[in-house]
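Here's the structure we're looking at; comments come further down.
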Amino acid sequence: MILSQAEFDQYKSTGTQWWIVCSTLPPFSNSPLYVNTNGTVGIGVPSPQGSLQVNGIRPVIIKGNGGNGVYGSEIGFNSVLNTGVVPNTFKKLGNTSQAGGASIAVDYSGNMLFQMYNANTENESTVNYQPQIVFLSNGKVGIGTTSPDEELTVNGTIHTQEVRVDLDGPVAPLDYVFEENYDLPSLEEVVQYITINKHLPEIPSAKTMEEDGLNLKEMNLLLLKKVEELTLYLIELKKENEEIKSELNIIKSK
């Protein structure tokens with residue numbers, strides 16, 4: 001039905017809840033649409049928990065102006081609001097076998113969080129509600145962490161088929177190692193360095209790697225450099241062996 005302005009004002013002034021039946025709009029056929037005087041809208045539910053609640057087997061709730069000054073807005077899937085925790089967020093459906101749900105939240109700092117939970121009880125706390133993916137307003141993305149310190153921070157294992165790393169500057173390939181003017185340390189110098197420092201020159205110590213982590217790009221380049229230096233050492237040893245063989249042959253011939 002269509003209400004006149006006077007009829008709408010009358011309904012609004014009395015605080016009456018009104019609804020219509022959407023009999024021709026799938027997938028909510030024969031589900032009443034409730035428009036409440038407090039500005040909330042419910043499809044299939046007279047008292048929506050958020051600004052909009054779509055009820056069904058797996059309801060969707062859109063909630064604006066989140067509680068406790070944490071979330072600016074939030075969308076919950078297969079869940080209901082959990083007002084018993086701070087900040088109030090979503091929990092599993094009561095009296096159902098559904099064990100998990102999810103939400104998309106935007107906080108007051110402009111950060112977007114994709115959150116999921118999977119718990120066995122109806123009244124789980126925020127401990128069961130993990131922020132799985134976070135898009136910060138500064139452009140950084142976190143997976144498994146809410147505090148990414150790089151453009152992409154993953155708290156866990158990455159499984160992929162290939163990793164391609166762009167290299168800046170004249171660092172790859174490390175052809176300068178094979179230039180004639182390259183200052184190749186002597187093996188005696190390397191032995192002395194290892195004896196004192198317990199690791200190869202230019203390679204971070206185990207303690208440094210434990211504290212600062214491992215930069216794969218930097219480490220791969222350093223390892224490549226060490227392989228190239230090792231190749232040079234082998235070439236020198238081969239020359240020395242050839243000289244020794246030549247001298248032995250001379251001695252034998254005499």
Side-chain angles (χ1 to χ4, degrees), residues 25 27-28 31 33-36 38-45 47-94 96 98-166 212-217:
L25 297 177
F28 311 116
S31 297
L33 171 63
Y34 298 90
V35 181
N36 299 308
N38 62 2
T40 61
V41 177
I43 298 178
V45 56
S47 301
Q49 290 188 309
S51 303
L52 171 64
Q53 180 172 348
V54 182
N55 236 25
I57 298 177
R58 293 175 174 84
V60 177
I61 301 174
I62 299 177
K63 179 171 68 76
N65 192 24
N68 304 295
V70 178
Y71 296 147
S73 57
E74 193 169 4
I75 303 176
F77 305 91
N78 187 29
S79 55
V80 293
L81 283 183
N82 187 357
T83 58
V85 296
V86 178
N88 58 35
T89 179
F90 290 93
K91 65 178 181 180
K92 67 172 286 188
L93 297 173
T96 71
Q98 303 297 332
S103 78
I104 301 175
V106 178
D107 64 18
Y108 288 102
S109 298
N111 305 317
M112 179 174 286
L113 300 85
F114 291 79
Q115 305 175 119
M116 293 172 283
Y117 63 79
N118 187 358
N120 297 321
T121 62
E122 177 184 346
N123 295 315
E124 65 268 10
S125 66
T126 53
V127 174
N128 304 112
Y129 206 96
Q130 306 299 323
Q132 301 290 345
I133 304 178
V134 177
F135 294 86
L136 298 186
S137 58
N138 59 9
K140 295 182 179 179
V141 179
I143 300 178
T145 174
T146 58
S147 303
D149 53 0
E150 299 292 347
E151 280 70 21
L152 174 62
T153 302
V154 179
N155 182 18
T157 302
I158 299 176
H159 182 179
T160 183
Q161 291 183 335
E162 183 179 353
V163 176
R164 185 186 298 272
V165 179
D166 292 331
D212 301 335
L214 187 65
N215 186 315
L216 292 179
K217 173 183 174 181

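Keep in mind it's a predicted model, so treat the numbers as computed, not measured. Just so you know, residue 1 is the first one in the sequence shown, and it goes up from there.
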Exercise for the section: Report the distance from atom OG of Ser51 to atom CG of Asn36, rounding to the nearest 0.5 Å. Expected result: 11.5 Å
Exercise for the section: For Gln53 and Gln49, work out which heavy atoms get closest and say how close. Expected result: OE1-N, 2.9 Å
Problem - Over all atoms of both residues, closest heavy-atom pair of Gly50 and Ile61 - result: N-CG2, 3.8 Å
Please output the side-chain donor-acceptor pairs of residues 139-148 that fall under 3.5 Å, not counting sequence neighbours, one pair per line with the distance.
unit_1	atom_1	unit_2	atom_2	d
Lys140	NZ	Asp149	O	3.3
Thr145	OG1	Ser147	N	3.1

Handout entry: Gap between atom CG of Asn138 and atom CD of Glu151 - 0.5 Å precision
Key = 8.5 Å
Exercise for the section: Specify the closest pair of heavy atoms between Gly110 and Ser137, including all atoms of both residues, with the distance to one decimal. Expected result: O-CB, 3.8 Å
Practice task
Give, for atom CG of Leu152 and atom CD1 of Ile158, the distance between the pair rounded to the nearest 0.5 Å.
Solution key: 6.5 Å
Practice task
Report the distance from atom CD1 of Ile62 to atom CD1 of Ile104, rounding to the nearest 0.5 Å.
Solution key: 10.0 Å
